Student: 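Here it is, the structure, as structure tokens.
The structure presented is a predicted model; accordingly, all values stated were derived computationally and were not measured. A note on names: the letters A, B, ... follow the listed sequences, proteins ahead of strands, and every chain is numbered from 1.
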Amino acid sequence: MMTVIPSDRFDSTAADSRWQARWDEARTFVADSSSNKPRTMILEMFPYPSGRIHMGHVRNYTMGDVLARARRMQGHAVLHPMGWDAFGMPAENAAMERGVHPGDWTRQNIAAMRAQLKRLGLAIDWTREIATCEPDYYGHEQALFLDLLAAGLVDRRDAWVNWDPVDNTVLANEQVIDGRGWRSGAPVERRKLTQWFFRITQFADELAADLATLDQWPEKVRLMQENWIGKSRGLKFRFDLAPSPFRGEGDSALLSGERGVPPSFEVFTTRPDTLFGASFAAVAIDHPVAQAVAAAQPAAARFIADCRTSGTAAAEIETAEKKGFDTGLSVANPLDPTRKLPVFIANFVLMDYGTGAIFGCPAHDQRDLDFARKYMLATPRVVALPGEENIPIGDEAYTGPGRLINSGFLDGLEVEAGKAAVIARAEAERWGKGTTVFRLRDWGVSRQRYWGTPIPIIHCEACGAVPVPRDQLPVVLPEDVSFDRPGNPLDRHPTWRNVQCPTCGKPARRETDTLDTFVDSSWYFIRFASQPADRPFDKAEAAAWLPIAQYIGGVEHAILHLLYARFFTRALASIGQLDAVEPFKGLFTQGMVTHETYRSTEGQWLEPGQVEKRGEGWFELLTGHPVELGRSEKMSKSKKNVVDPDAILDRYGADAVRWFMLSDSPPERDLAWSLAGIEGAARFVQRLWRVALLAQDTSPGADGALTRQLHRSIDGITHDIDRLQFNKAVARAYELANAIEKAAPSAARAEAAKTLLRLVAPMVPHIAEEAWAMLGERGLIADAPWPAADPELLVDDEVTYAVQVNGKLRETVTLAKGLGRPEVEAGVMALPRILTLMAGATPKKVIVVPDRLVNIVV
RNA sequence: GCGGGCGUGGCGGAACCGGUAGACGCAGCGGACUUAAAAUCCGCUUUUCCGUAAGGAAAGUGCGGGUUCGAGUCCCGCCGUCCGUACCA
């Protein structure tokens, strides 16, 4: 047992490191896989080792830590691990800019950040720490890749990609900003490359449908994923191409077959009911029909080239004009083959969605209408509310409900019935089929980068793409690489790529693309659950710890990471490697840490340390010049409104920082960092120490009011932590501390003070341990059982009634709990104040809400 | 445009299922202790009005309506703000 000499101040500098060392020695937070306690895994999204911990990390990890510590005290076997999402571009950028090796840079950052995290006193099982850049992690990832490949869930095919011609690499969509590479600034080219894909679309339906089972996820995130997956029901059908009846001869040459124009093309629509309103058809510029027409007609080629140069930025798309090129071809409306529709190549049709081709119904689709107005196409109305049948379509398409008109056999049907009728006819007549289309596309995982997981494939001229044999895994990244030129260093390595084909033994070459780093983060939580050397994970252990009870991280990962992880878990389950289907039972997305911004009169951003408040205004410390105070924004280097956690830890200690991170702001909202806030938190830590000292007073005696307050606090704080409402737990802790300080010495007061320590131990663990030891308690407070509220003490025998007259509060009165209506009414009507107000009048009605309120209506 | 969140004192925010609005903290003001400061402790702190005072009255949760004995909470219509997303056929 550790002896702590009572002192009137808590010294965080000494205590923090002392207790951190104690927890380490005692292996307090090493997850116990052999116990029969309920197993709970708490996880925060692992950090990218960028160099330093920032306040956002501190907030994130503090929240998870409170939960992990509370669950331990509540008798769970807890797994609360930490790792590093250690592959990625910044390491290569550092290599290019500063000549450091990405591995050295990354490992140094990890060491620095690990030390920073340890100063926070997190209840982490460091024995399970992983870094995705180490072969003992990514080697297992390569094995999983090959398993998924064997199961047909990985394939290789040509795809259009964003190509940065300066950096010589593929860019993810997110890395293309206003049509330019985010790093090089060069205009991004569209290129067709052979890429590896995870077939996430195989699970599109399940991934969408099972969102409904994730009742412990934020509604917002489920919605975002639902939209991203983008499930639409509709009709797919085929148009046969014919020469245009609208133009002269000549175009028929296009269809001679020699030109390569396909004889037909498929379109998709969610509004088959409006097919009688069609007045044109259109294909995307990358559509085979468009390409073939362009090959034959220079004007078409010019049009397509022109479309490519126009920007893809949101603002440009917003204002972009709908443009089309009339191919001179036509198609027949399948519901009435006598109606011919001209076929355009159009800039607003996307190759990536549906079939890359549409029919246009201008009356009931805004884009089609804009297009029709420009090219003078007809805009026949086919849906109308009763009485509006003859109102012509103006500049706004009608997308509302109504009945079908001008639509032959559909006339009179509601929209939904019309859709069903057209699909039924198309299927009966075999020219189309009801279909579900998803916006979600397969996940392209090839990256032309060095600092990532090598894709374990060998390309052989004779045998094709051959998996690296299992006994040759991991395929380890070579260390001797150079970054003096742009592009992928693996490609120009003198020897690494030269290997023998595992199948035929002839000279072959390694795949030099590496995996998207999102693959690394798609299964790290499974590796945390068990870490066998010879395989990625142990199925039984994974089953014991998964799904993760609570996952905590930023909302910026709402779609990509969380969707990929859901896919990966499902994919592994589908090949029998895993039992869990959903990886994250509970998800919580925490708010950002913000700080005020300051700007000098010259418009320069200033750091918090460079300014001071004097009276109402802010001034620059150095010059005394006035400073413009900006709004509180996410901490960022560019705006200089960052606060370094290390400096704060030096000055205030871990508990003050943790307490502040949990105080005031609800965890899902932004937290505004302020000097006053951290100082207030530090003051509370000292105050908690003084409250603990009160427990040294061994005066005997009871204190009913304090004991009831204590049990209300136990109940409240327990519930608040369960629901991650840390700000409320903090407020209740203050209330209890206030009550204890006001109470007279008694055994009840000593008990309340000690219990308060246990209640706040998950939030401020160092002072809790220190005080616990100072009071002579045995063992670690981290191991102490969580206090239990006595239900009998949660109810008072007296209640305060609010007494209203006509709904306005006029008086309060304390009565025994559980009185009947007549007694309550009699008691209230006899109150002097009520007698005065009533002045002898008889109430029309008296409403009595038991144990709460009386409302007298006159 | 579409989808979602939020709007309560000087500030962050509480308020179970419609029942005493403003818990708790921060800031501020006044006082105690001190040679002084820090720390600490005590008190006040939504606004306006009446009263020397004890106390009392009125208004008040973005705006306008509604339901109800009673609305921050429910309904209808707006406004503001933040986030996400977008030629998705």
Student: Go through B:A89, B:G3, B:G12 for me and flag the one nearest to the A:L223 side chain.
Tutor: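 The answer is B:G3.
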
Student: Quick one: A:E226 CD to B:U85 C1', roughly how many Å, whole number?
Tutor: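 Rounded to the whole Å, the gap is 14 Å.
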
Student: Could you tell me whether the side chain of A:K220 has a donor or acceptor atom within less than 3.5 Å of a complementary atom in the base of B:C83?
Tutor: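 Side chain to base: no pair present.
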
Student: Between A:E741 and A:R687, is there a salt bridge with N-O shorter than 4.0 Å?
Tutor: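 A salt bridge is present here (some side-chain N lies under 4.0 Å from a carboxylate O).
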
Student: Under 4.0 angstrom, heavy atoms only, what part of the nucleic acid is A:V846 near: base, sugar-phosphate, or nothing?
Tutor: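 A:V846: no heavy atom of the nucleic acid under 4.0 Å.
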
Student: Measure from CD1 on A:I285 to P on B:C87 and round the result to the nearest Å.
Tutor: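 Value for this atom pair: 14 Å.
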
Student: Sequence neighbours excluded and cut-off under 3.5 Å, please list the side-chain donor-acceptor pairs for residues 268-283 of chain A, or say none.
Tutor:
{"from": "A:T269", "atom 1": "OG1", "to": "A:R271", "atom 2": "N", "distance (Å)": "2.8"}
{"from": "A:R271", "atom 1": "NE", "to": "A:D273", "atom 2": "OD1", "distance (Å)": "3.1"}
{"from": "A:R271", "atom 1": "NE", "to": "A:D273", "atom 2": "OD2", "distance (Å)": "3.4"}
{"from": "A:R271", "atom 1": "NH2", "to": "A:D273", "atom 2": "OD2", "distance (Å)": "3.0"}
{"from": "A:T274", "atom 1": "OG1", "to": "A:R271", "atom 2": "O", "distance (Å)": "2.8"}
{"from": "A:S279", "atom 1": "OG", "to": "A:A378", "atom 2": "O", "distance (Å)": "2.9"}

Student: Are side-chain N/O atoms of A:D670 and A:T594 paired as donor and acceptor at under 3.5 Å?
Tutor: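 No, no side-chain donor-acceptor contact under 3.5 Å.
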
Student: Under the rule for side chain to side chain contact (heavy atoms under 4.5 Å, CB included), what residues qualify as partners of A:S674, not counting sequence neighbours?
Tutor: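 With neighbours one apart ignored, the set is A:F660, A:A676.
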
Student: Taking only the side-chain nitrogens and oxygens of A:K742, find out if one of them lies under 4.0 Å from OP1 or OP2 of B:C42.
Tutor: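 A:K742 to B:C42 OP1/OP2: no side-chain N or O under 4.0 Å.
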
Student: What N/O pairs connect the protein and nucleotides 16-18 of chain B at under 3.5 Å? Give each pair on its own line.
Tutor:
{"from": "B:C16", "atom 1": "N3", "to": "A:R852", "atom 2": "NH2", "distance (Å)": "2.5"}
{"from": "B:C16", "atom 1": "N4", "to": "A:R852", "atom 2": "NE", "distance (Å)": "3.4"}
{"from": "B:C16", "atom 1": "N4", "to": "A:R852", "atom 2": "NH1", "distance (Å)": "2.7"}
{"from": "B:C16", "atom 1": "N4", "to": "A:R852", "atom 2": "NH2", "distance (Å)": "2.1"}

Student: Calculate the interatomic distance between A:R367 atom CZ and B:C88 atom C1'; express it in whole Å.
Tutor: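 The distance from CZ of A:R367 to C1' of B:C88 comes to 7 Å, rounded to the nearest Å.
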
Student: Which pairs, protein N/O on one side and nucleotides 69-73 of chain B N/O on the other, fall under 3.5 Å?
Tutor:
{"from": "B:C69", "atom 1": "O2'", "to": "A:N855", "atom 2": "ND2", "distance (Å)": "3.3"}
{"from": "B:C69", "atom 1": "O2", "to": "A:N855", "atom 2": "ND2", "distance (Å)": "2.6"}

Student: Which letter, B, S or -, goes with each nucleotide of nucleotides 53-60 of chain B from 5' to 3', with contact meaning a protein heavy atom under 4.0 Å?
Tutor: ---SSSS-

Student: Check salt bridge (Lys or Arg N to Asp or Glu O under 4.0 Å) between A:R732 and all other residues, then give those that pass, not counting sequence neighbours.
Tutor: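 Testing A:R732 for salt bridge (Lys or Arg N to Asp or Glu O under 4.0 Å), a comparison that skips the adjacent residues, returns A:D720.
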
Student: Do any side-chain atoms of residues 348-372 of chain A form donor-acceptor pairs under 3.5 angstrom with protein atoms, and if so which ones, sequence neighbours left out?
Tutor:
{"from": "A:Y353", "atom 1": "OH", "to": "A:S232", "atom 2": "OG", "distance (Å)": "3.2"}
{"from": "A:T355", "atom 1": "OG1", "to": "A:E266", "atom 2": "O", "distance (Å)": "2.7"}
{"from": "A:T355", "atom 1": "OG1", "to": "A:A357", "atom 2": "N", "distance (Å)": "3.4"}
{"from": "A:T355", "atom 1": "OG1", "to": "A:A357", "atom 2": "O", "distance (Å)": "3.3"}
{"from": "A:H364", "atom 1": "ND1", "to": "A:Y398", "atom 2": "O", "distance (Å)": "2.7"}
{"from": "A:H364", "atom 1": "NE2", "to": "A:V382", "atom 2": "N", "distance (Å)": "3.0"}
{"from": "A:H364", "atom 1": "NE2", "to": "A:V383", "atom 2": "N", "distance (Å)": "3.1"}
{"from": "A:D365", "atom 1": "OD1", "to": "A:R367", "atom 2": "N", "distance (Å)": "2.9"}
{"from": "A:D365", "atom 1": "OD1", "to": "A:R367", "atom 2": "NE", "distance (Å)": "3.3"}
{"from": "A:D365", "atom 1": "OD1", "to": "A:D368", "atom 2": "N", "distance (Å)": "3.1"}
{"from": "A:D365", "atom 1": "OD2", "to": "A:R367", "atom 2": "NH2", "distance (Å)": "2.7"}
{"from": "A:Q366", "atom 1": "OE1", "to": "A:A397", "atom 2": "N", "distance (Å)": "2.9"}
{"from": "A:Q366", "atom 1": "NE2", "to": "A:D370", "atom 2": "OD1", "distance (Å)": "3.1"}
{"from": "A:Q366", "atom 1": "NE2", "to": "A:D395", "atom 2": "O", "distance (Å)": "3.0"}
{"from": "A:D368", "atom 1": "OD2", "to": "A:C361", "atom 2": "N", "distance (Å)": "3.0"}

Student: Is the gap between the ring centers of A:F344 and A:F325 under 6.0 Å?
Tutor: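 No, too far apart.
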
Student: Is A:D796 paired with A:K817 through a side-chain N to carboxylate O contact shorter than 4.0 Å?
Tutor: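 No, no charged N to carboxylate O under 4.0 Å.
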
Student: Do any pairs count as a side chain to side chain donor-acceptor pair (under 3.5 Å) and have a residue in residues 722-731 of chain A, sequence neighbours left out, and if so which ones?
Tutor: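 For residues 722-731 of chain A: A:R71-A:D722, A:Q725-A:K728.
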
Student: List for me each residue that meets side chain to side chain donor-acceptor pair (under 3.5 Å) alongside A:Y652, sequence neighbours excluded, and say none if there are none.
Tutor: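 For A:Y652 the side chain to side chain donor-acceptor pair (under 3.5 Å) partners, ignoring immediate neighbours, are A:E679.
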
Student: Would you be so kind as to tabulate the donor-acceptor pairs closer than 3.5 Å made by side chains of residues 554-562 of chain A, with sequence neighbours excluded?
Tutor:
{"from": "A:H561", "atom 1": "NE2", "to": "A:Y551", "atom 2": "OH", "distance (Å)": "2.7"}

Student: Tell me, please, which residues at least two apart from A:R233 pass side chain to side chain donor-acceptor pair (under 3.5 Å).
Tutor: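 Residues passing side chain to side chain donor-acceptor pair (under 3.5 Å) with A:R233: A:T436.
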
Student: Establish, with yes or no, whether the OP1 or OP2 oxygen of B:A14 is under 4.0 angstrom from a side-chain nitrogen or oxygen of A:N727.
Tutor: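 For A:N727, the contact criterion (side-chain N or O under 4.0 Å from OP1 or OP2 of B:A14) is met.
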
Student: In whole angstrom, what separates A:M224's CE from B:G5's C1'?
Tutor: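 Rounding to the nearest Å, CE of A:M224 and C1' of B:G5 are 12 Å apart.
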
Student: Can you tell me how far P of B:G3 sits from CZ of A:R222, to the nearest Å?
Tutor: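 Value for this atom pair: 18 Å.
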
Student: I'd like a table of atom pairs between the protein and nucleotides 24-28 of chain B - only N or O on both sides, under 3.5 Å - with the distance next to each one.
Tutor:
{"from": "B:C26", "atom 1": "OP1", "to": "A:R683", "atom 2": "NH2", "distance (Å)": "3.3"}
{"from": "B:A27", "atom 1": "OP2", "to": "A:R683", "atom 2": "NH2", "distance (Å)": "3.4"}

Student: Rounded to the nearest 0.5 Å, what separates atom NE2 in A:H711 from atom CG in A:L793?
Tutor: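 Output value for this atom pair is 5.0 Å.
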
Student: Over how many whole Å does the gap from A:R712 atom CZ to B:A23 atom P extend?
Tutor: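 The answer, rounded to whole Å, is 16 Å.
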
Student: Find the distance A:I856:CD1 to B:U20:C1' and express it as a whole number of Å.
Tutor: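 Atom CD1 in A:I856 sits about 14 Å away from atom C1' in B:U20.
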
Student: Separation of A:L671 atom CG from B:C11 atom C1', in whole Å?
Tutor: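 Those two atoms, CG and C1', are 13 Å apart.
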
